[in-house]
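Structure, as structure tokens:
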Amino acid sequence: MDNAGVILCQDLNREVTEALNLCAPDKLFILSDETTQALCYPLLHNIDVLKHAHQIVIKTGDIHKNLETLSYVWQSLSDNGATRHSLLLCLGGGMVTDLGGFAASTFKRGINYINIPTTLLAMVDAAVGGKTAINFNGLKNEIGVFQPAFRVLIETEFLRTLDAHNLFSGYAEMLKHGLISNYETLNELLAFDITNIDYNLLKQLVGKSISVKESIVQKDPKEQGIRKALNLGHTIGHAFESLALSRLHPVLHGYAVAWGLVCELYLSYANVQFPRDVMRRVIHFIHENYGSFIFTCDDYEELYQFMLHDKKNKGGVINFTLLNDVGELRLNQTASQGLIYETLDFYRECMGI
Ligand code: GLY
């Protein structure tokens with residue numbers, strides 16, 4: 001499968017070799033973090049074209065997705081003779097592919113990079129679609145550019161060593177892709193047993209999920225319109241993520257998105273008649289697999305403030321992507337404070353908190 005540069009690999013060695021032969025860099029650099037260096041790099045060690053690559057290893061974790069780490073990557077490229085014809089291969093989750101993509105896109109005004117995502121979240125979302133970024137001034141993904149990778153090589157074998165929480169986290173973005181595409185895809189995702197994984201089937205679902213994202217990104221690479229579909233679940237999801245962070249109990253991004261989907265499906269039902277039975281089925285799946293984010297009505301104002309400061313807003317109006325039905329998008333929707341509070345009431349009631 002080839003989605004304009006995204007390849008679901010049957011043979012990673014062959015795909016890496018082909019991509020590098022096509023690109024013919026003068027020097028090759030591999031960026032990984034301490035975790036992917038230890039767990040994932042060994043799967044690449046027998047690939048001949050990588051034998052003389054220079055390794056750049058950064059610390060693991062979103063707190064290191066910052067200017068200091070970016071500077072370290074630029075410095076390593078510079079000190080080791082990278083030119084405009086060199087290539088950076090990013091091996092890792094979204095932190096590595098976001099930061100590495102940004103480092104590559106800005107070094108000498110831009111060198112090629114290849115993403116080999118190692119988490120489910122990065123495979124179906126972060127590493128695909130050309131968004132690169134670092135966090136800045138306490139804000140997530142505040143500085144970055146849109147610059148697609150030369151190739152994104154998807155090797156689902158990496159998922160066999162991924163912990164359950166990170167699998168569930170990525171799966172939330174797949175559910176989102178199901179909701180914005182069609183009933184067939186959504187039903188397959190809801191029927192999949194995520195607690196007892198059939199990795200061959202998961203690979204097929206990952207391929208479909210990437211196709212959903214790629215077809216949207218091809219139409220609107222810089223998020224002027226239809227790419228906002230990918231924000232479903234994220235306006236309230238980001239508010240949950242920020243509240244959790246402010247309480248010093250961070251949650252994985254995909255969990256916040258799953259809980260955000262519960263709320264934004266309710267908003268879709270209340271505002272644009274999304275079918276109630278489908279909403280209930282999706283909420284049931286999320287409740288069963290993701291548990292619930294705990295908050296009380298005393299937290300509503302803070303959550304609302306986080307939504308008001310979402311970077312997707314324009315003119316201080318909270319921007320939601322909603323659905324009239326599965327695959328039927330309603331972009332640039334808004335909701336009153338009263339309806340948002342009603343949504344948070346609904347969430348607490350149906351998630352049993
Ligand atoms: N993660 C949403 C996007 O790539 O647009």
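From a predicted model like this one, the values you see are computed outputs, not experimental measurements. Ligands are counted one by one from 1 in listed order, and the atoms in each one are counted from 1 as well. Just the heavy atoms: all of them, side chains too, but no hydrogens, waters or symmetry mates, feed the values below. One is the number of the first residue; the rest follow in order along the sequence.
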Query raised in the report: Parallel, tilted or perpendicular: which fits the ring planes of Tyr347 and Phe295, with parallel below 30° and perpendicular above 60°?
Result: parallel
So, are [X] and [Y] salt-bridged, with charged N and O less than 4.0 Å apart?
{"X": "Asp299", "Y": "Arg348", "value": "no"}
{"X": "Lys140", "Y": "Asp62", "value": "yes"}
{"X": "Arg151", "Y": "Glu18", "value": "no"}

Show the distances, to 0.1 Å, for all pairs joining an N/O atom of ligand 1 and a protein N/O atom that are shorter than 3.5 Å, listing one pair per line.
| residue | atom | partner | partner atom | Å |
| --- | --- | --- | --- | --- |
| ligand 1 | 1 (N) | Asp125 | OD1 | 3.0 |
| ligand 1 | 1 (N) | Asp125 | OD2 | 3.2 |
| ligand 1 | 4 (O) | Lys213 | NZ | 2.6 |
| ligand 1 | 4 (O) | Arg227 | NH2 | 2.7 |
| ligand 1 | 5 (O) | Lys131 | NZ | 2.9 |
| ligand 1 | 5 (O) | Arg227 | NE | 2.8 |
| ligand 1 | 5 (O) | Arg227 | NH2 | 3.3 |

Query raised in the report: Is it true that a side-chain atom of Tyr290 and a backbone atom of Ala172 form a donor plus acceptor pair closer than 3.5 Å?
Result: yes
Query - Atom CZ of Phe136 with >12 non-hydrogen neighbours under 6.0 angstrom - result: no
